[in-house]
Amino acid sequence: MNVSQYISNKIDGGADSGSFTSSVTKIAIISIAMGLAVMVVSFAILEGFRNEIQSKIFSFGSHLQISKYDTNNSLEVEPIGEPQLIQELKRNPQVKSFQPFARKTAIIKTKDEVLGVVLKGIDEKNGQSSMRKNLVEGKFLSFPDSSASNDVLVSRKVADKLRLKPGDNAQFYFIQNPPRVRRFTVRGIYQTGLDEFDEVYVIGDIRQVRDLAGWPDSLVGGMEVTLKDFRRLDIVADNLYENLRYDLKLDKITEQYAQLFDWLQLLNRNVVIFLLLIIFVATFNMVATIFIMILERTNMIGVLKAIGATDNQIRSMFFFRGLSLTMRGMLYGNIVGLGFCAIQYFFHPIPLDPENYYMDRVPIHWDLFIILVLNAATFLTSLLAVLIPTYLIARIKPVTAIKFD
């Protein structure tokens, strides 16, 4: 242990608990701890919120949608051939999975209510549907090999409007030539919290839609494609589009629901500004603390200089003092921040209104990299704040400092 660190430890251990410096030191530690805790919690909630919203969007449209090019903006699309498209998707190393879909507009009629919806047909030949995670009541669809399933999933909003529950039957009227009627059974209820989906879609067997449209088994309305890395969406989309037939179009999920993704980007910017303000306040408190410590120890600085201590040695002494405060603040900050996140993650004590926040509780996402970055940023910023006031030491003269009161 060098001399600067030894004296720093003595100052640290011998500080009067009732002195002004001691109070300011505690404030500095609390400032760093609360700043880091708030940053950890903020990013965990922001990432959790963003991932939850994106997961709900992806459950309905994956990352990319391939369908027939059509100038008509109807939800019902012209069919495309499934075998050729599957071969093209299998050749792309960036594609994780894909799922065919088809849509058909319908009117649901119960004893008391009538409601227009879109029947979205899916299957699970290529893996389980991501819609399973949105199921809140009842069971998910079954897909028997012998015939098309007569079961459907309705959203919580549709179920409430039509007063439906799992096990109930409902008449679906399909407006086509000639008009057709199907009787479906509500097998389960889903909820995403997003009105764009919950107020519109009913999920069913794709074979029902094929039968209503008169398509053979080789035709589908489109293909939903999930990528291995969503961050490469634009690059993979351009590559896929270049290899598609001229009569097919490719839609990115970020363009289909641009309003939702723009809103998430706005949240990111607001949180960054908020965190910068927190870092600034913590830095200012640390600078003020070191200044006060230097002023209170002016006599000691004068004595140390008089007996031969260099400016760098004295500066190092206060640097180690600031380092000790920073480490303690970061320790407490991590305990508070990570502890709060763990409690919310496992026990969900803080609920949310799904009508306004699209989920029923505050979400938490664990990201070790972000936690390490926040700790590193706090550590480096605090150390920089410690170094700034220590340069005042070079301007202190021994004679004046010893007489300082």
Side-chain angles (χ1 to χ4, degrees), residues 25-58 63 96 133 227-233 254 260-261 263-287 289-290 319-352 357-388:
T25 298
K26 291 177 182 177
I27 293 174
I29 293 174
I30 293 173
S31 175
I32 294 173
M34 294 306 298
L36 180 58
V38 169
M39 288 191 290
V40 169
V41 171
S42 298
F43 266 100
I45 293 176
L46 174 66
E47 286 299 303
F49 191 77
R50 185 172 63 85
N51 288 342
E52 191 75 16
I53 295 295
Q54 286 186 351
S55 176
K56 293 176 182 293
I57 298 174
F58 296 157
H63 298 155
K96 180 181 179 181
K133 67 181 71 173
L227 306 180
K228 293 179 180 178
D229 186 357
F230 175 67
R231 293 171 297 183
R232 295 177 56 84
L233 177 69
T254 53
L260 289 173
F261 282 94
W263 174 53
L264 292 175
Q265 288 295 326
L266 181 62
L267 284 178
N268 286 337
R269 287 194 291 270
N270 289 342
V271 169
V272 169
I273 294 173
F274 175 64
L275 296 182
L276 289 176
L277 291 175
I278 292 175
I279 291 176
F280 173 78
V281 171
T283 302
F284 179 82
N285 285 338
M286 181 58 73
V287 170
T289 300
I290 300 299
F319 172 81
F320 285 122
R321 175 69 170 135
L323 180 63
S324 174
L325 299 180
T326 299
M327 297 302 293
R328 273 190 281 175
M330 290 178 60
L331 174 63
Y332 299 147
N334 279 299
I335 292 174
V336 173
L338 296 177
F340 175 88
C341 291
I343 292 172
Q344 178 60 28
Y345 183 81
F346 290 107
F347 303 106
H348 319 302
I350 304 178
L352 292 176
Y357 296 98
Y358 312 118
M359 57 198 74
D360 59 1
R361 60 179 181 270
V362 173
I364 297 294
H365 176 72
W366 298 100
D367 192 325
L368 180 60
F369 176 75
I370 289 181
I371 294 173
L372 292 176
V373 168
L374 292 176
N375 275 271
T378 302
F379 182 74
L380 294 176
T381 305
S382 298
L383 289 189
L384 180 63
V386 169
L387 289 174
I388 292 173

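We're numbering straight along the sequence, starting at 1.
Residues Met359 and Ile53 are in side-chain contact: their nearest non-hydrogen atoms beyond the backbone lie under 4.5 Å apart. Counting heavy atoms from C-beta on, the side chains of Asp360 and Pro351 never come closer than 4.5 Å.
Among residues two or more places apart in sequence or in another chain, the salt bridge (Lys or Arg N to Asp or Glu O under 4.0 Å) test is passed with Arg50 by Glu47. The side-chain hydrogen bond (donor to acceptor under 3.5 Å, both in side chains) test applied to Lys133 returns Ser55, not counting sequence neighbours. Listed by chain and residue number, Ile30 satisfy the side-chain contact (heavy atoms from CB on, under 4.5 Å) test with Met34 (two or more places apart in sequence, or in another chain). With sequence neighbours excluded, the residues that form a side-chain contact (heavy atoms from CB on, under 4.5 Å) with Thr254 are Phe230, Leu233, Lys252, Phe261. Among residues two or more places apart in sequence or in another chain, the salt bridge (Lys or Arg N to Asp or Glu O under 4.0 Å) test is passed with Asp367 by none. Remark: Asp229 engages Arg231 in a side-chain hydrogen bond (donor to acceptor under 3.5 Å, both in side chains) (not counting sequence neighbours). Checked against side-chain contact (heavy atoms from CB on, under 4.5 Å), Leu266 has the following partners two or more places apart in sequence or in another chain: Arg269, Asn270. The side-chain contact (heavy atoms from CB on, under 4.5 Å) check on Gln344 picks up His348, Pro349, Ile350, Arg361, Val362, Ile364, with sequence neighbours excluded.
The salt bridge (charged side-chain N to carboxylate O under 4.0 Å, His left out) analysis of residues 329-351, with sequence neighbours excluded, yields no pairs. The side-chain hydrogen bond (donor to acceptor under 3.5 Å, both in side chains) analysis of residues 27-44, with sequence neighbours excluded, yields the pairs Ser31-Asn285.
In this structure a side-chain-to-backbone donor-acceptor pair under 3.5 Å is present from Thr378 to Leu374.
For Tyr345, the OH atom counts as loosely surrounded, since its 6.0 Å shell holds 12 or fewer non-hydrogen atoms of other residues, nucleotides or ligands.
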List the atom pairs, donor and acceptor, that lie under 3.5 Å between side-chain atoms in residues 330-337 and the rest of the protein, sequence neighbours left out.
| residue | atom | partner | partner atom | Å |
| --- | --- | --- | --- | --- |
| Asn334 | OD1 | Asn375 | ND2 | 3.2 |
| Asn334 | ND2 | Met330 | O | 2.9 |
| Asn334 | ND2 | Asn375 | OD1 | 2.7 |

